[in-house]
2 protein chains.
Amino acid sequence: MTAGDSGAVLKRERVRDHILQLIESLRPGDAIPSERTLCADLSVSRPTLRAAVDELVAAGLLVREHGRGMFVAPEKITQELVSDSHGMTLPQASGTWSSRLLEFTTIAAGARVGRKLSLSPAADIVYAARLRLVDGAPMAIEHLHIRADLVPALTAQELESGDLYEHLRERHRVQVRDAVQTIEPTVVSQAEGRLLEVPHLSPALLFERLTNDTEGRPVEYVHSVYRGDRYRIVSRLTLDASHTQGTPPETGFIPGMPPGTVAQWEAAPTTPR
Amino acid sequence: MTAGDSGAVLKRERVRDHILQLIESLRPGDAIPSERTLCADLSVSRPTLRAAVDELVAAGLLVREHGRGMFVAPEKITQELVSDSHGMTLPQASGTWSSRLLEFTTIAAGARVGRKLSLSPAADIVYAARLRLVDGAPMAIEHLHIRADLVPALTAQELESGDLYEHLRERHRVQVRDAVQTIEPTVVSQAEGRLLEVPHLSPALLFERLTNDTEGRPVEYVHSVYRGDRYRIVSRLTLDASHTQGTPPETGFIPGMPPGTVAQWEAAPTTPR
DNA sequence: GGATGAAGGTGGCATAGACCAATAGAGGCG
DNA sequence: CGCCTCTATTGGTCTATGCCACCTTCATCC
């Protein structure tokens, strides 16, 4: 009995559902049987079982601990949305942020970054990689690329403490004004997973931000990866009159965010456990 | 030479980097050597090579086509941020949206949904699952839960065409006013992958939205999964005076989104190919 | 000439087995 | 008694191999 034995009922799925059932009968933190035990119970090979477990780990339902075993994940993040009848209190950003500098050099921009910053590929930029932590726990990896000629005296100290934008304004006479930011989902690589202390291929948010100063010059290009299990974006949407009373376009409307919507953002690290 | 031969340099990583290099020398759509060929070239087993490729597929750099081969992904979504020096034109939402109704029933709310909508678990809700398409291509799966007593005459037709909020207002006398929405990264399940036509475990965005009407009553609870390779969130951030001149808080600031930031959203499906 | 179908290549799924690395616990030694 | 080491267990990685399903191609047949 191998892969494609008619029916499209993958062995992985059967195994996954079995473990899922197992999880539901347990509480967060409880241990589940070892890989080898489950293999025997379900009559599947270990790679197959691991493939099934991989899904559950990626989905955040299970955590693995090398040498110890597998455990039901402490919380399901999708169960956290608060909505207390009237006011809708947001779990406002909590915890104290800190940074650990991973790298800090001045290098040539290169083609890709140069294009984004409207610079020659040979122009110097300050490149810094920071691990951002909340209450000591890793939350994000930030890759900053800043025009070197604008901040010739930028120090490592300034990247490790305080608000970078404030340092830019106070010490370097660079006043940031606006930015364009894109957000998309991604998964963490092995190296990123190690830094963020999450399993390989865990969901994450990828931010790309291009910041301009008051003169319209591109100042920095930031590329960040935020942990998906601890970070979420919360927005309050208000449907304005032009939409609720006007003629909404049949085509081109956006289900996720209705047109004419005014949004207020909060980006909040969610508290663990 | 097996797994942990000192050095922590995983074979997978070496293979991945090799393929990455290969990708960079090619253009989108180009084919890369077959799995078996690469195995021979790199002297690794096929499962190992597949594990490396899995990462690249999950990251959206490579696409696999059963029976045909592996190809460089049509676009690298991380290369699409536009920034034309002055105005910053956004690749505004394009394409025409349509819906395919997957399910449409009236059922009891249950504990979880009931809690979100401030209803008794036994109260009836209209549940609808929709596949949202852009120019015919799957973009998202939406699970809607609407208070049944507010929309007793909701039809399948209304869920398949036009703006739902408009139908609610015009036909059902329900005027939506605001909503709280959370966005977090996730990965698609096997079933979701099939519907969205993306590989299993691909990155995706999970939206949860709770919508209220003008009287403050919760109307609908929506749970949606958007393709990560075709959908992204674009925001324009403006740093206001209170931040650029005031005293930014040392702790509690949010790197992804500076405090005092005014954001204007666009949620844009990215064009394929 | 156009449809048919067999062959070979490709990715997809699964197996069995091996060794490494991290952990926890049992046992021995000081 | 306390510390250490040794061992069993668990997850982590990799190999080698097989079969299946899908796609393309090309030779064949009508």
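Naming: A, B, ... by sequence-line order, numbering from 1 per chain. Predicted model, so just to flag it, every value in this text is computed and none were measured.
- D:dT13 atom P lies 9 Å from atom CZ of A:Arg194, rounded to whole Å.
- Rounded to a whole Å, the NE2 atom of B:His66 is 16 Å from the P atom of D:dC19.
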Could you go through residues 27-34 of chain B and list every donor-acceptor pair under 3.5 Å that involves a side-chain atom there, pairing it with any protein atom two or more places apart or in another chain?
residue	atom	partner	partner atom	Å
B:Asp30	OD2	B:Arg27	N	3.0
B:Ser34	OG	B:Thr37	N	3.2
B:Ser34	OG	B:Thr37	OG1	2.8

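- Heavy-atom distances under 4.0 Å link DNA chain C to B:Arg46 of residues 39-48 of chain B, given in residue order.
- Rounding to whole angstrom units, CD of residue B:Glu55 and P of D:dT13 are separated by 10 Å.
- The A:Ser34 side chain lies nearest to D:dG11 when the options are C:dC13, C:dG12, D:dG11.
- As rounded to whole Å, 13 Å separates atom P of C:dG12 from atom CG of B:Leu38.
- Between the C1' atom of C:dA22 and the CZ atom of A:Arg68 lies a distance of 11 Å, rounded to the nearest Å.
- Closest approach to the A:Gln190 side chain among D:dT13, D:dG11, D:dA21 is made by D:dT13 (side chain taken as heavy atoms from C-beta onward).
- Within 6.0 Å of the CZ atom in B:Arg100, the count of heavy atoms belonging to other residues, nucleotides or ligands does not exceed 12.
- Under a 3.5 Å cut-off, the side chain of A:Arg227 and the backbone N or O of A:Leu196 do form a donor-acceptor pair.
- In this structure, the side chains of A:Glu220 and A:Arg209 come closer than 4.5 Å at one or more pairs of heavy atoms.
- In terms of position along DNA chain C, the nucleotide closest to A:Arg12 lies nearer the 5' end than the nucleotide closest to the other residue of the pair A:Gly67 and A:Arg12.
- For the pair A:Glu13 CD and C:dA14 P, the interatomic distance rounds to 9 Å; values are reported in whole Å.
- In terms of heavy atoms, A:Leu49 sits closest to A:Cys39 at CD1-N, 3.7 Å.
- As rounded to whole Å, 14 Å separates atom P of D:dA21 from atom NZ of A:Lys11.
- Residues passing the side chain to side chain donor-acceptor pair (under 3.5 Å) test with A:Gln157, sequence neighbours excluded: A:Ser161.
- Taking the six-membered ring for Trp and thresholds of 30 and 60 degrees, B:Tyr231 and B:Tyr226 have ring planes inclined between 30 and 60 degrees apart.
- Remark: P of C:dG17 and CG of A:Leu49 are 17 Å apart, rounded to the nearest angstrom.
- Base engagement by A:Arg50 is indicated by at least one non-hydrogen atom pair under 4.0 Å involving a base atom.
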